[in-house]
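Numbers restart at 1 for each chain; the letters A, B, ... are given by sequence-line order, proteins then strands. Computation of the quantities below employed the complete heavy-atom set of this structure, encompassing side-chain atoms and omitting hydrogens, waters and symmetry-equivalent molecules.
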Protein chains: 2
Amino acid sequence: MTTTHRSPALVADSVEAAVEALRERGLRASAARRLVLEALFGAEGPLSAERLAEGLEGRLPRSDLASVYRNLETLEEVGLVRHVHLGHGPGLYALAAPEHEYLVCESCHAVRSVAKEELDEIRGQVLERFGFEARFTHFPLVGLCPDCIEESRDHEGGPNAHP
Amino acid sequence: MTTTHRSPALVADSVEAAVEALRERGLRASAARRLVLEALFGAEGPLSAERLAEGLEGRLPRSDLASVYRNLETLEEVGLVRHVHLGHGPGLYALAAPEHEYLVCESCHAVRSVAKEELDEIRGQVLERFGFEARFTHFPLVGLCPDCIEESRDHEGGPNAHP
DNA sequence: ACGTAATTGCGAGTCGTTCGCAAAAACTAG
DNA sequence: CTAGTTTTTGCGAACGACTCGCAATTACGT
């Protein structure tokens with residue numbers, strides 16, 4: 001997770017296609033490499049390196065954690081993989097996919113992922129007001145989710161508010 | 001930095017006022033405690049626990065890192081202190097102040113802090129679209145700052161774009 | 001000044017991640 | 001297929017940012 005300059009995303013649609021992309025850059029298709037690729041292709045959401053190394057609860061052979069990290073890093077350099085930091089806890093990795101961004105609830109840690117375009121209007125506002133181009137792909141937009149807003153409304157002040 | 005439920009901010013305007021607030025809660029005004037308070041009152045921006053413990057490059061006596069963390073935690077529970085996670089690197093602590101939020105550049109790591117109200121319109125948009133109440137106080141809004149937008153525009157494609 | 005609970009300082013431990021390095025693959029050339 | 005060259009692996013150790021246990025202090029109420 002070294003702060004490497006973000007390379008353009010490279011969306012592969014199969015392990016073999018990804019391996020091909022690696023070969024084109026003079027990288028080798030080692031077993032360990034294929035393994036993390038397979039895991040990511042079979043995954044629902046983003047995964048921690050730890051879980052990858054552990055073989056996804058037995059669904060794949062386990063491998064060395066340091067190697068998993070190294071492979072994730074090189075796959076990320078190639079553009080095949082991206083990672084997010086959803087709050088505390090380990091970084092989470094996923095295949096590069098048509099861009100989406102994350103919203104995370106600070107209170108219950110619920111994660112919602114939305115298509116990039118859904119945030120474009122907000123991005124426009126931020127750009128206009130601050131000159132910043134907001135990106136919620138690597139670090140999410142953090143806040144309170146609907147449920148937790150409601151919950152905090154319930155508790156706020158409690159029975160003795162404004163006595 | 002345990003995930004403690006955020007207590008309401010308590011803005012003190014001097015070390016003594018802060019100490020008073022501690023006393024009211026049955027907490028003691030130890031030397032170590034005063035020290036971090038003094039450091040924070042004299043600080044420009046948010047500081048890491050490490051820097052606090054090291055005595056701010058000799059401007060204050062150095063103290064024990066674990067105690068600094070514990071004190072920051074209790075001060076935060078009281079509401080006198082807040083911390084932010086500006087990207088990778090350690091959490092940064094500051095006195096609770098009239099609310100402001102952070103924008104951080106993912107590329108050059110520049111930090112801009114803005115008054116809460118400046119983000120209210122954007123917050124409104126996010127709430128409307130996603131039901132999330134965005135908060136950029138604990139985790140910042142991450143993106144590209146004006147300079148880095150321009151820089152990326154310059155390099156994009158380069159001399160051989162669309163050959 | 002005394003007793004007692006809050007705090008400190010220290011060392012050790014944890015979690016997430018990175019590094020060094022020799023041994024083991026992978027690709028390439030012959 | 002065999003060697004040679006380079007990449008990659010697997011292991012253990014190290015690192016940064018914290019957190020914890022615990023005996024020794026210290027702050028405060030009386």
Open item on the list: Check this for me: does the side-chain of B/R28 come within 3.5 Å of the base of D/dG29 through a donor and an acceptor?
Closed with: no

Open item on the list: Should the side chain of A/R70 and the base of C/dG20 be counted as holding a donor-acceptor pair, with the cut-off at 3.5 Å?
Closed with: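 Answer is yes: a donor-acceptor pair is held.
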
Classify [X] by what it touches in the nucleic acid, base, sugar-phosphate, or nothing, heavy-atom distance under 4.0 Å.
X     : value
B/G89 : sugar-phosphate
B/L27 : sugar-phosphate
B/A66 : base

Task: First encountered from the 5' end of DNA chain D, between A/S30 and B/A31 - done: A/S30

Rounded to the nearest angstrom, tell me the gap between atom [atom1] in [X] and atom [atom2] in [N].
X     : N      : atom1 : atom2 : answer
A/D64 : C/dA22 : CG    : P     : 17 Å
A/E77 : D/dT7  : CD    : P     : 14 Å
A/L92 : C/dG16 : CG    : P     : 10 Å
B/L52 : D/dC18 : CG    : P     : 12 Å
A/E50 : C/dT17 : CD    : P     : 9 Å
B/Y69 : D/dA17 : OH    : P     : 7 Å
A/E20 : C/dC27 : CD    : C1'   : 14 Å
A/H88 : C/dT17 : NE2   : P     : 13 Å

Task: Candidates D/dC18, C/dT8, C/dC27 - which lies nearest the side chain of A/R23 - done: C/dC27

Open item on the list: Measuring from the side chain of B/L65 (C-beta onward, heavy atoms only), which nucleotide among C/dT17, D/dT9, D/dC18 has the closest atom?
Closed with: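 Nearest to the side-chain atoms of B/L65, counting from C-beta on, is D/dC18.
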
Open item on the list: Tell me whether the rings of A/Y93 and A/Y69 are parallel (<30°), tilted (30 to 60°) or perpendicular (>60°).
Closed with: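 Taking A/Y69 first and then A/Y93, their aromatic rings stand perpendicular (interplane angle over 60°).
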
Open item on the list: Angle between ring planes, A/H83 versus B/H88, binned at 30° and 60°: parallel, tilted or perpendicular?
Closed with: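 Parallel.
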
- [ ] Could you tell me whether the side chain of A/L35 reaches within less than 4.5 Å of the side chain of A/N71, counting heavy atoms only?
- [x] no

- [ ] May I ask you to decide if A/A134's main-chain N or O and A/R123's side chain share a donor-acceptor pair within less than 3.5 Å?
- [x] yes

Task: Side-chain donor-acceptor pair present, A/T137, A/R135, cut-off under 3.5 Å - done: yes

